[in-house]
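Each chain gets a letter, A, B and so on, in the order the sequences are listed, and its residues count up from 1.
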2 protein chains.
Amino acid sequence: MPNSKPTPVTMDAVYTAPGYLFRRMQQIAVALFIEECKAFDLTPVQYAALVTISTHPGIDATRLSAVIAFDRSTLGNVIERLETKEFIVRKPAPEDKRVKLLYLTKAGASVLNDIMPSVDKAQARMLQPLKPADRKTLLSLLTQLVDLNNEASRVPLRAEDALEHLGRSG
Amino acid sequence: MPNSKPTPVTMDAVYTAPGYLFRRMQQIAVALFIEECKAFDLTPVQYAALVTISTHPGIDATRLSAVIAFDRSTLGNVIERLETKEFIVRKPAPEDKRVKLLYLTKAGASVLNDIMPSVDKAQARMLQPLKPADRKTLLSLLTQLVDLNNEASRVPLRAEDALEHLGRSG
DNA sequence: GCCATATTGTGAGTATACTGTCAATTAATT
DNA sequence: AATTAATTGACAGTATACTCACAATATGGC
(Lines give C-alpha, C1' and ligand atoms only; values in the text may rest on other atoms or scores of the structure.)
Protein backbone atom coordinates (compact mmCIF):
# COMPACT_ATOMS: atom_id res chain seq x y z
CA MET A 1 0.00 0.00 0.00
CA PRO A 2 1.67 3.26 -1.12
CA ASN A 3 1.48 5.76 1.72
CA SER A 4 0.17 9.11 0.50
CA LYS A 5 -3.33 10.34 1.34
CA PRO A 6 -5.14 9.83 4.66
CA THR A 7 -8.17 8.22 3.01
CA PRO A 8 -8.37 7.00 -0.57
CA VAL A 9 -11.57 8.73 -1.68
CA THR A 10 -13.13 7.61 -4.94
CA MET A 11 -16.22 8.66 -6.82
CA ASP A 12 -17.81 5.43 -5.64
CA ALA A 13 -18.34 7.25 -2.36
CA VAL A 14 -20.89 9.25 -4.34
CA TYR A 15 -22.15 7.03 -7.15
CA THR A 16 -22.99 3.93 -5.11
CA ALA A 17 -24.53 5.79 -2.18
CA PRO A 18 -28.29 5.25 -1.92
CA GLY A 19 -28.78 8.92 -1.12
CA TYR A 20 -27.18 9.91 -4.40
CA LEU A 21 -29.32 7.44 -6.34
CA PHE A 22 -32.48 8.75 -4.69
CA ARG A 23 -31.52 12.32 -5.55
CA ARG A 24 -30.87 11.35 -9.18
CA MET A 25 -34.17 9.48 -9.48
CA GLN A 26 -36.02 12.45 -7.98
CA GLN A 27 -34.37 14.73 -10.58
CA ILE A 28 -35.33 12.33 -13.35
CA ALA A 29 -38.88 11.88 -12.07
CA VAL A 30 -39.48 15.63 -11.94
CA ALA A 31 -37.97 16.14 -15.40
CA LEU A 32 -40.23 13.46 -16.90
CA PHE A 33 -43.31 14.87 -15.15
CA ILE A 34 -42.61 18.41 -16.35
CA GLU A 35 -41.95 17.16 -19.88
CA GLU A 36 -45.15 15.12 -20.14
CA CYS A 37 -47.31 17.72 -18.39
CA LYS A 38 -45.89 20.94 -19.79
CA ALA A 39 -49.23 21.77 -21.43
CA PHE A 40 -50.88 22.03 -18.02
CA ASP A 41 -48.55 24.33 -16.09
CA LEU A 42 -48.57 22.10 -13.00
CA THR A 43 -45.59 20.85 -11.00
CA PRO A 44 -45.54 17.42 -9.33
CA VAL A 45 -46.15 18.96 -5.93
CA GLN A 46 -48.98 21.16 -7.18
CA TYR A 47 -50.53 18.08 -8.75
CA ALA A 48 -50.33 16.15 -5.47
CA ALA A 49 -51.91 19.06 -3.63
CA LEU A 50 -54.68 19.31 -6.19
CA VAL A 51 -55.46 15.58 -5.97
CA THR A 52 -55.63 15.79 -2.19
CA ILE A 53 -57.89 18.83 -2.17
CA SER A 54 -60.07 17.00 -4.68
CA THR A 55 -60.42 13.95 -2.44
CA HIS A 56 -60.63 16.07 0.74
CA PRO A 57 -62.69 19.16 -0.08
CA GLY A 58 -62.48 21.69 2.72
CA ILE A 59 -59.16 20.39 4.07
CA ASP A 60 -56.95 23.01 5.69
CA ALA A 61 -53.28 23.68 4.90
CA THR A 62 -51.86 21.97 7.97
CA ARG A 63 -53.80 18.78 7.36
CA LEU A 64 -52.96 18.88 3.67
CA SER A 65 -49.27 19.09 4.53
CA ALA A 66 -49.62 15.98 6.70
CA VAL A 67 -51.50 13.99 4.07
CA ILE A 68 -48.87 14.52 1.37
CA ALA A 69 -45.89 14.67 3.75
CA PHE A 70 -45.14 18.21 2.77
CA ASP A 71 -43.59 20.96 4.85
CA ARG A 72 -46.19 23.43 6.09
CA SER A 73 -44.19 26.51 5.17
CA THR A 74 -43.44 25.29 1.66
CA LEU A 75 -47.05 24.33 1.20
CA GLY A 76 -48.08 27.93 1.87
CA ASN A 77 -46.30 28.98 -1.30
CA VAL A 78 -47.71 26.06 -3.28
CA ILE A 79 -51.25 26.95 -2.21
CA GLU A 80 -50.63 30.56 -3.11
CA ARG A 81 -49.59 29.60 -6.64
CA LEU A 82 -52.57 27.30 -7.08
CA GLU A 83 -54.80 30.15 -5.94
CA THR A 84 -53.17 32.59 -8.37
CA LYS A 85 -53.83 30.10 -11.17
CA GLU A 86 -57.42 29.96 -9.88
CA PHE A 87 -57.33 26.17 -9.51
CA ILE A 88 -58.33 26.41 -5.82
CA VAL A 89 -60.01 28.87 -3.45
CA ARG A 90 -59.42 29.54 0.24
CA LYS A 91 -62.42 30.12 2.47
CA PRO A 92 -62.23 31.07 6.15
CA ALA A 93 -63.52 28.33 8.45
CA PRO A 94 -66.63 29.47 10.37
CA GLU A 95 -65.78 27.61 13.58
CA ASP A 96 -62.08 28.52 13.72
CA LYS A 97 -60.87 31.95 12.69
CA ARG A 98 -57.29 30.74 12.20
CA VAL A 99 -58.15 28.15 9.59
CA LYS A 100 -58.67 28.61 5.86
CA LEU A 101 -60.39 25.77 4.05
CA LEU A 102 -59.32 24.67 0.58
CA TYR A 103 -61.62 23.84 -2.33
CA LEU A 104 -61.10 23.10 -6.02
CA THR A 105 -62.51 25.55 -8.52
CA LYS A 106 -64.15 24.30 -11.69
CA ALA A 107 -60.94 25.10 -13.53
CA GLY A 108 -59.03 23.10 -10.92
CA ALA A 109 -61.28 20.08 -11.24
CA SER A 110 -61.03 20.36 -15.01
CA VAL A 111 -57.24 20.55 -15.17
CA LEU A 112 -56.98 17.67 -12.71
CA ASN A 113 -59.20 15.56 -14.90
CA ASP A 114 -57.36 16.49 -18.07
CA ILE A 115 -53.83 16.06 -16.76
CA MET A 116 -54.32 12.48 -15.57
CA PRO A 117 -53.26 10.69 -18.77
CA SER A 118 -50.07 12.75 -18.98
CA VAL A 119 -49.26 12.06 -15.34
CA ASP A 120 -49.78 8.34 -15.90
CA LYS A 121 -47.51 8.51 -18.92
CA ALA A 122 -44.78 10.26 -16.94
CA GLN A 123 -45.06 7.76 -14.08
CA ALA A 124 -44.85 4.87 -16.55
CA ARG A 125 -41.80 6.34 -18.27
CA MET A 126 -39.87 6.49 -15.00
CA LEU A 127 -39.92 2.69 -14.68
CA GLN A 128 -40.08 1.83 -18.38
CA PRO A 129 -36.39 0.90 -18.72
CA LEU A 130 -36.89 -1.95 -16.26
CA LYS A 131 -38.46 -5.31 -17.02
CA PRO A 132 -42.09 -5.51 -15.79
CA ALA A 133 -41.19 -7.91 -13.00
CA ASP A 134 -38.40 -5.60 -11.84
CA ARG A 135 -40.78 -2.64 -11.86
CA LYS A 136 -43.06 -4.45 -9.45
CA THR A 137 -40.15 -5.42 -7.24
CA LEU A 138 -38.77 -1.88 -7.14
CA LEU A 139 -42.17 -0.35 -6.39
CA SER A 140 -42.77 -2.84 -3.63
CA LEU A 141 -39.40 -2.25 -2.01
CA LEU A 142 -39.73 1.53 -2.36
CA THR A 143 -43.19 1.50 -0.81
CA GLN A 144 -41.94 -0.55 2.12
CA LEU A 145 -38.89 1.66 2.59
CA VAL A 146 -40.83 4.92 2.51
CA ASP A 147 -43.30 3.51 5.00
CA LEU A 148 -40.69 2.08 7.36
CA ASN A 149 -38.60 5.27 7.20
CA ASN A 150 -41.60 7.53 7.60
CA GLU A 151 -40.61 8.90 10.99
CA ALA A 152 -37.10 9.65 9.77
CA SER A 153 -38.28 12.43 7.49
CA ARG A 154 -38.79 15.90 8.86
CA VAL A 155 -42.42 15.88 7.78
CA PRO A 156 -43.75 12.35 8.34
CA LEU A 157 -46.78 11.29 6.42
CA ARG A 158 -49.94 11.30 8.52
CA ALA A 159 -52.53 9.46 6.52
CA GLU A 160 -56.14 10.47 6.41
CA ASP A 161 -57.36 8.09 9.10
CA ALA A 162 -54.80 9.30 11.58
CA LEU A 163 -55.71 12.88 10.88
CA GLU A 164 -59.24 12.48 12.10
CA HIS A 165 -57.94 11.79 15.58
CA LEU A 166 -55.55 14.73 15.54
CA GLY A 167 -58.21 17.30 14.80
CA ARG A 168 -60.68 19.20 16.84
CA SER A 169 -62.71 16.09 17.42
CA GLY A 170 -59.91 14.28 19.27
CA MET B 1 -67.17 19.13 -23.85
CA PRO B 2 -65.19 15.91 -23.92
CA ASN B 3 -65.87 14.66 -20.41
CA SER B 4 -69.24 14.51 -18.75
CA LYS B 5 -68.11 11.99 -16.13
CA PRO B 6 -65.09 13.04 -14.10
CA THR B 7 -62.62 10.32 -13.17
CA PRO B 8 -62.96 9.16 -9.56
CA VAL B 9 -59.74 10.45 -8.05
CA THR B 10 -58.30 8.73 -4.99
CA MET B 11 -55.14 9.30 -2.97
CA ASP B 12 -53.72 6.23 -4.67
CA ALA B 13 -53.07 8.56 -7.61
CA VAL B 14 -50.44 10.06 -5.34
CA TYR B 15 -49.32 7.34 -2.91
CA THR B 16 -48.62 4.58 -5.46
CA ALA B 17 -46.97 6.82 -8.04
CA PRO B 18 -43.23 6.13 -8.39
CA GLY B 19 -42.58 9.86 -8.60
CA TYR B 20 -44.15 10.39 -5.19
CA LEU B 21 -42.12 7.54 -3.69
CA PHE B 22 -38.89 8.94 -5.12
CA ARG B 23 -39.69 12.36 -3.68
CA ARG B 24 -40.39 10.86 -0.25
CA MET B 25 -37.19 8.82 -0.28
CA GLN B 26 -35.21 11.90 -1.28
CA GLN B 27 -36.74 13.80 1.65
CA ILE B 28 -35.91 10.94 4.00
CA ALA B 29 -32.38 10.54 2.63
CA VAL B 30 -31.60 14.23 3.11
CA ALA B 31 -33.10 14.25 6.61
CA LEU B 32 -30.98 11.27 7.66
CA PHE B 33 -27.83 12.79 6.14
CA ILE B 34 -28.37 16.11 7.91
CA GLU B 35 -29.11 14.35 11.18
CA GLU B 36 -26.02 12.15 11.10
CA CYS B 37 -23.72 14.87 9.80
CA LYS B 38 -24.99 17.90 11.70
CA ALA B 39 -21.64 18.30 13.43
CA PHE B 40 -19.93 19.01 10.11
CA ASP B 41 -22.14 21.71 8.58
CA LEU B 42 -22.20 19.99 5.16
CA THR B 43 -25.24 19.23 3.00
CA PRO B 44 -25.44 16.12 0.80
CA VAL B 45 -24.73 18.16 -2.31
CA GLN B 46 -21.83 19.99 -0.72
CA TYR B 47 -20.45 16.62 0.32
CA ALA B 48 -20.71 15.25 -3.22
CA ALA B 49 -18.97 18.35 -4.58
CA LEU B 50 -16.22 18.05 -1.99
CA VAL B 51 -15.62 14.37 -2.82
CA THR B 52 -15.42 15.17 -6.52
CA ILE B 53 -13.01 18.06 -6.04
CA SER B 54 -10.94 15.75 -3.88
CA THR B 55 -10.73 13.08 -6.58
CA HIS B 56 -10.38 15.67 -9.38
CA PRO B 57 -8.17 18.49 -8.06
CA GLY B 58 -8.26 21.46 -10.41
CA ILE B 59 -11.62 20.55 -11.95
CA ASP B 60 -13.70 23.51 -13.13
CA ALA B 61 -17.33 24.20 -12.25
CA THR B 62 -18.81 23.08 -15.56
CA ARG B 63 -17.04 19.72 -15.46
CA LEU B 64 -17.90 19.28 -11.80
CA SER B 65 -21.57 19.78 -12.62
CA ALA B 66 -21.36 17.05 -15.27
CA VAL B 67 -19.58 14.58 -13.00
CA ILE B 68 -22.21 14.79 -10.24
CA ALA B 69 -25.18 15.48 -12.58
CA PHE B 70 -25.73 18.86 -11.02
CA ASP B 71 -27.13 21.98 -12.62
CA ARG B 72 -24.41 24.50 -13.47
CA SER B 73 -26.31 27.47 -12.04
CA THR B 74 -27.09 25.75 -8.75
CA LEU B 75 -23.53 24.57 -8.48
CA GLY B 76 -22.31 28.15 -8.56
CA ASN B 77 -24.06 28.78 -5.26
CA VAL B 78 -22.82 25.51 -3.78
CA ILE B 79 -19.23 26.39 -4.70
CA GLU B 80 -19.68 29.84 -3.23
CA ARG B 81 -20.80 28.37 0.10
CA LEU B 82 -17.94 25.88 0.16
CA GLU B 83 -15.56 28.76 -0.51
CA THR B 84 -17.10 30.85 2.28
CA LYS B 85 -16.58 27.94 4.65
CA GLU B 86 -13.00 27.82 3.35
CA PHE B 87 -13.26 24.16 2.37
CA ILE B 88 -12.22 24.94 -1.22
CA VAL B 89 -10.40 27.64 -3.17
CA ARG B 90 -10.94 28.95 -6.70
CA LYS B 91 -7.88 29.72 -8.80
CA PRO B 92 -8.01 31.28 -12.26
CA ALA B 93 -6.82 28.88 -14.98
CA PRO B 94 -3.64 30.16 -16.65
CA GLU B 95 -4.53 28.90 -20.15
CA ASP B 96 -8.21 29.98 -20.16
CA LYS B 97 -9.25 33.25 -18.60
CA ARG B 98 -12.88 32.17 -18.31
CA VAL B 99 -12.16 29.16 -16.15
CA LYS B 100 -11.68 28.97 -12.40
CA LEU B 101 -10.11 25.78 -11.06
CA LEU B 102 -11.26 24.20 -7.82
CA TYR B 103 -9.05 22.79 -5.08
CA LEU B 104 -9.62 21.50 -1.56
CA THR B 105 -8.11 23.45 1.29
CA LYS B 106 -6.56 21.63 4.22
CA ALA B 107 -9.75 22.27 6.17
CA GLY B 108 -11.74 20.82 3.27
CA ALA B 109 -9.64 17.67 3.10
CA SER B 110 -9.88 17.37 6.85
CA VAL B 111 -13.65 17.70 7.06
CA LEU B 112 -14.05 15.27 4.17
CA ASN B 113 -11.93 12.74 5.99
CA ASP B 114 -13.76 13.25 9.28
CA ILE B 115 -17.29 13.19 7.91
CA MET B 116 -16.97 9.83 6.14
CA PRO B 117 -18.12 7.60 9.04
CA SER B 118 -21.20 9.75 9.57
CA VAL B 119 -22.03 9.69 5.86
CA ASP B 120 -21.69 5.92 5.80
CA LYS B 121 -23.96 5.71 8.82
CA ALA B 122 -26.60 7.88 7.16
CA GLN B 123 -26.44 5.86 3.95
CA ALA B 124 -26.79 2.62 5.91
CA ARG B 125 -29.78 3.94 7.85
CA MET B 126 -31.69 4.70 4.64
CA LEU B 127 -31.84 1.02 3.73
CA GLN B 128 -31.71 -0.43 7.25
CA PRO B 129 -35.46 -1.22 7.45
CA LEU B 130 -35.09 -3.68 4.57
CA LYS B 131 -33.70 -7.18 4.78
CA PRO B 132 -30.09 -7.37 3.52
CA ALA B 133 -31.09 -9.25 0.38
CA ASP B 134 -33.76 -6.64 -0.38
CA ARG B 135 -31.24 -3.84 0.11
CA LYS B 136 -29.04 -5.36 -2.56
CA THR B 137 -31.99 -5.81 -4.90
CA LEU B 138 -33.17 -2.24 -4.43
CA LEU B 139 -29.69 -0.79 -4.92
CA SER B 140 -29.20 -2.84 -8.05
CA LEU B 141 -32.55 -1.81 -9.56
CA LEU B 142 -32.02 1.83 -8.59
CA THR B 143 -28.56 1.88 -10.14
CA GLN B 144 -29.90 0.39 -13.36
CA LEU B 145 -32.82 2.80 -13.46
CA VAL B 146 -30.71 5.90 -12.86
CA ASP B 147 -28.31 4.77 -15.57
CA LEU B 148 -30.97 3.88 -18.12
CA ASN B 149 -32.90 7.10 -17.45
CA ASN B 150 -29.78 9.24 -17.48
CA GLU B 151 -30.69 11.19 -20.61
CA ALA B 152 -34.17 11.92 -19.27
CA SER B 153 -32.83 14.25 -16.59
CA ARG B 154 -32.14 17.85 -17.42
CA VAL B 155 -28.53 17.49 -16.38
CA PRO B 156 -27.38 14.03 -17.48
CA LEU B 157 -24.42 12.51 -15.75
CA ARG B 158 -21.25 12.71 -17.84
CA ALA B 159 -18.78 10.45 -16.15
CA GLU B 160 -15.12 11.19 -15.86
CA ASP B 161 -14.02 9.21 -18.91
CA ALA B 162 -16.47 10.97 -21.19
CA LEU B 163 -15.34 14.32 -19.86
CA GLU B 164 -11.79 13.88 -21.08
CA HIS B 165 -13.03 13.95 -24.65
CA LEU B 166 -15.15 17.04 -24.12
CA GLY B 167 -12.33 19.18 -22.85
CA ARG B 168 -9.60 21.18 -24.43
CA SER B 169 -7.62 18.08 -25.24
CA GLY B 170 -10.25 16.63 -27.59
C1' DG C 1 -62.76 33.22 34.14
C1' DC C 2 -57.75 33.08 33.68
C1' DC C 3 -53.47 31.59 32.26
C1' DA C 4 -50.18 28.41 30.14
C1' DT C 5 -50.07 25.79 26.09
C1' DA C 6 -50.95 24.43 21.51
C1' DT C 7 -52.35 25.32 16.81
C1' DT C 8 -52.75 27.99 12.38
C1' DG C 9 -51.13 30.58 8.86
C1' DT C 10 -47.52 33.53 7.66
C1' DG C 11 -42.94 35.52 7.19
C1' DA C 12 -37.79 35.62 7.00
C1' DG C 13 -33.76 33.02 6.07
C1' DT C 14 -31.02 29.17 3.88
C1' DA C 15 -30.21 25.62 0.32
C1' DT C 16 -31.17 22.92 -3.59
C1' DA C 17 -32.81 22.63 -8.68
C1' DC C 18 -34.22 24.37 -12.68
C1' DT C 19 -35.05 28.18 -16.66
C1' DG C 20 -33.40 31.83 -18.97
C1' DT C 21 -29.94 35.50 -20.35
C1' DC C 22 -25.52 37.87 -20.57
C1' DA C 23 -20.52 39.46 -21.17
C1' DA C 24 -16.09 37.80 -21.62
C1' DT C 25 -13.41 34.69 -23.74
C1' DT C 26 -12.05 30.92 -26.71
C1' DA C 27 -12.58 27.88 -30.73
C1' DA C 28 -14.05 26.99 -35.38
C1' DT C 29 -15.00 28.41 -40.02
C1' DT C 30 -14.21 30.84 -43.85
C1' DA D 1 -7.50 37.84 -40.07
C1' DA D 2 -12.31 38.37 -39.36
C1' DT D 3 -16.73 36.75 -38.50
C1' DT D 4 -19.30 33.28 -36.25
C1' DA D 5 -19.82 29.35 -32.72
C1' DA D 6 -19.34 27.65 -28.53
C1' DT D 7 -17.94 27.81 -23.78
C1' DT D 8 -17.59 29.68 -19.05
C1' DG D 9 -19.11 31.76 -15.02
C1' DA D 10 -22.41 34.86 -13.38
C1' DC D 11 -27.01 36.76 -12.69
C1' DA D 12 -32.24 37.01 -12.45
C1' DG D 13 -36.32 34.49 -11.88
C1' DT D 14 -39.31 30.51 -10.35
C1' DA D 15 -40.33 26.47 -7.38
C1' DT D 16 -39.49 23.17 -3.97
C1' DA D 17 -37.91 22.02 1.02
C1' DC D 18 -36.39 23.01 5.21
C1' DT D 19 -35.38 26.10 9.68
C1' DC D 20 -36.99 29.27 13.22
C1' DA D 21 -40.03 32.84 14.81
C1' DC D 22 -44.33 35.38 15.35
C1' DA D 23 -49.28 37.17 15.97
C1' DA D 24 -53.82 35.64 16.21
C1' DT D 25 -56.61 32.31 17.86
C1' DA D 26 -58.19 28.20 20.31
C1' DT D 27 -57.90 24.82 24.13
C1' DG D 28 -57.08 22.65 28.64
C1' DG D 29 -55.95 22.97 33.57
C1' DC D 30 -56.98 25.33 37.52
Short of 4.0 Å, heavy atom to strand atom, which residues of residues 25-36 of chain A count as contacting DNA chain C?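 Heavy-atom cutoff 4.0 Å gives A/Q27.
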Residues within residues 79-88 of chain B bordering DNA chain C, heavy-atom distance below 4.0 Å: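 Those residues whose heavy atoms fall under 4.0 Å from DNA chain C, taken from residues 79-88 of chain B in numerical order, are B/R81.
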The side chain of [X] lies closest to which of these nucleotides: [options]?
| X | options | value |
| --- | --- | --- |
| A/R63 | C/dT25, C/dT8, C/dT16 | C/dT8 |
| B/T62 | C/dT8, C/dA17, D/dG9 | D/dG9 |
| A/D60 | C/dG9, C/dT16, D/dG9 | C/dG9 |

Hey, what are the protein-to-nucleotides 20-22 of chain D N/O distances that come in under 3.5 Å?
| unit_1 | atom_1 | unit_2 | atom_2 | d |
| --- | --- | --- | --- | --- |
| D/dC20 | N4 | A/S73 | OG | 3.3 |

[X] [atom1] - [N] [atom2] separation (whole Å):
| X | N | atom1 | atom2 | answer |
| --- | --- | --- | --- | --- |
| A/I59 | C/dT8 | CD1 | P | 11 Å |
| B/L64 | C/dA17 | CG | P | 13 Å |
| B/N77 | C/dA17 | CG | P | 12 Å |
| B/R24 | D/dT16 | CZ | P | 17 Å |
| B/K100 | D/dT8 | NZ | C1' | 10 Å |
| B/F70 | C/dT16 | CZ | P | 6 Å |
| A/D71 | C/dG11 | CG | P | 15 Å |
| A/D96 | D/dA26 | CG | C1' | 6 Å |

Would you name the heavy atoms of A/L42 and A/I34 that are closest together and state the gap between them?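 For A/L42 and A/I34, the tightest heavy-atom pair comes out as O-CD1, 4.4 Å.
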Nearest non-hydrogen partners of A/V51 and B/V9, listed with the distance: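 Residues A/V51 and B/V9, closest heavy atoms: CG1-CG1, 3.6 Å.
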Check: C/dT26 base within 3.5 Å donor-acceptor of B/R98 side chain: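 For B/R98, whose side chain was compared with the base of C/dT26, there is no donor-acceptor pair (under 3.5 Å).
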Going by the salt bridge (charged side-chain N to carboxylate O under 4.0 Å, His left out) test, which pairs reach into [range], not counting sequence neighbours?
| range | result |
| --- | --- |
| residues 122-132 of chain B | B/E35-B/R125, B/E36-B/R125 |
| residues 83-93 of chain A | A/D41-A/K85, A/E83-A/R90 |
| residues 132-144 of chain A | none |

Is the shortest heavy-atom distance from the side chain of B/M25 to the side chain of B/L21 under 4.5 Å?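 Result no, sub-4.5 Å side-chain heavy-atom pair not found.
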Should B/L139 and A/P18 count as side-chain neighbours, where that means a heavy-atom distance under 4.5 Å?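 Yes. Closest side-chain heavy atoms under 4.5 Å.
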For B/S153, give me all partners under side-chain hydrogen bond (donor to acceptor under 3.5 Å, both in side chains), at least two apart in sequence or on another chain.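 B/S153 satisfies side-chain hydrogen bond (donor to acceptor under 3.5 Å, both in side chains) with A/R24 once adjacent residues are dropped.
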D/dA5 glycosidic torsion: syn (within 90° of 0) vs anti: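 In terms of base orientation relative to the sugar, D/dA5 is syn.
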Can you list everything that forms a side-chain contact (heavy atoms from CB on, under 4.5 Å) with B/A107? Sequence neighbours excluded, please.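 Applying side-chain contact (heavy atoms from CB on, under 4.5 Å) to B/A107 gives B/F87, B/T105.
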Complementary nucleotide for D/dA5 - Watson-Crick or wobble, under 3.5 Å: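 Paired with D/dA5, as far as the under-3.5 Å criterion goes, is no nucleotide at all.
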Compare side-chain N and O positions of B/R90 against OP1 and OP2 of D/dG9 and report whether any pair is under 4.0 Å apart.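 Indeed not, no polar side-chain atom of B/R90 lies that close.
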Please list, in numerical order, the residues of residues 41-54 of chain A that have a heavy atom closer than 4.0 Å to any atom of DNA chain D.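 Heavy-atom contacts with DNA chain D come from A/T43, A/V45, A/Q46.
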Output all residues satisfying ring pair (Phe, Tyr, Trp, His ring centres under 6.0 Å) with A/Y20, sequence neighbours left out; order by chain, then residue number.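 Scan of A/Y20 (ring pair (Phe, Tyr, Trp, His ring centres under 6.0 Å), adjacent residues dropped) gives A/Y15.
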Can you name the residues that form a ring pair (Phe, Tyr, Trp, His ring centres under 6.0 Å) with A/F33, not counting sequence neighbours?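 For A/F33, the residues satisfying ring pair (Phe, Tyr, Trp, His ring centres under 6.0 Å) (neighbours in sequence not counted) are A/Y47.
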Using the ring pair (Phe, Tyr, Trp, His ring centres under 6.0 Å) rule, collect all pairs that involve residues 112-151 of chain B, keeping only residues at least two apart or in two chains.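 Applying ring pair (Phe, Tyr, Trp, His ring centres under 6.0 Å) to every pair that reaches into residues 112-151 of chain B, excluding sequence neighbours, yields nothing.
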Ionic contact status for A/E151 with A/R158, cut-off 4.0 Å: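 Yes.
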With a 3.5 Å distance limit and no angle check, can you tell me whether B/S54 reaches the backbone of B/L50 through a side-chain donor-acceptor pair?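 No, the answer is negative, given that no donor and acceptor are paired below the 3.5 Å cut-off.
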Is a side-chain donor or acceptor of A/T74 paired with a backbone partner of A/F70 at a separation under 3.5 angstrom?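 Here the side-chain-to-backbone pair does not exist.
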Take A/R23 and A/A61, find for each the nucleotide of DNA chain C with the closest heavy atom, and name the residue whose nucleotide sits nearer the 5' end.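 Its nucleotide being nearer the 5' end, the pick is A/A61.
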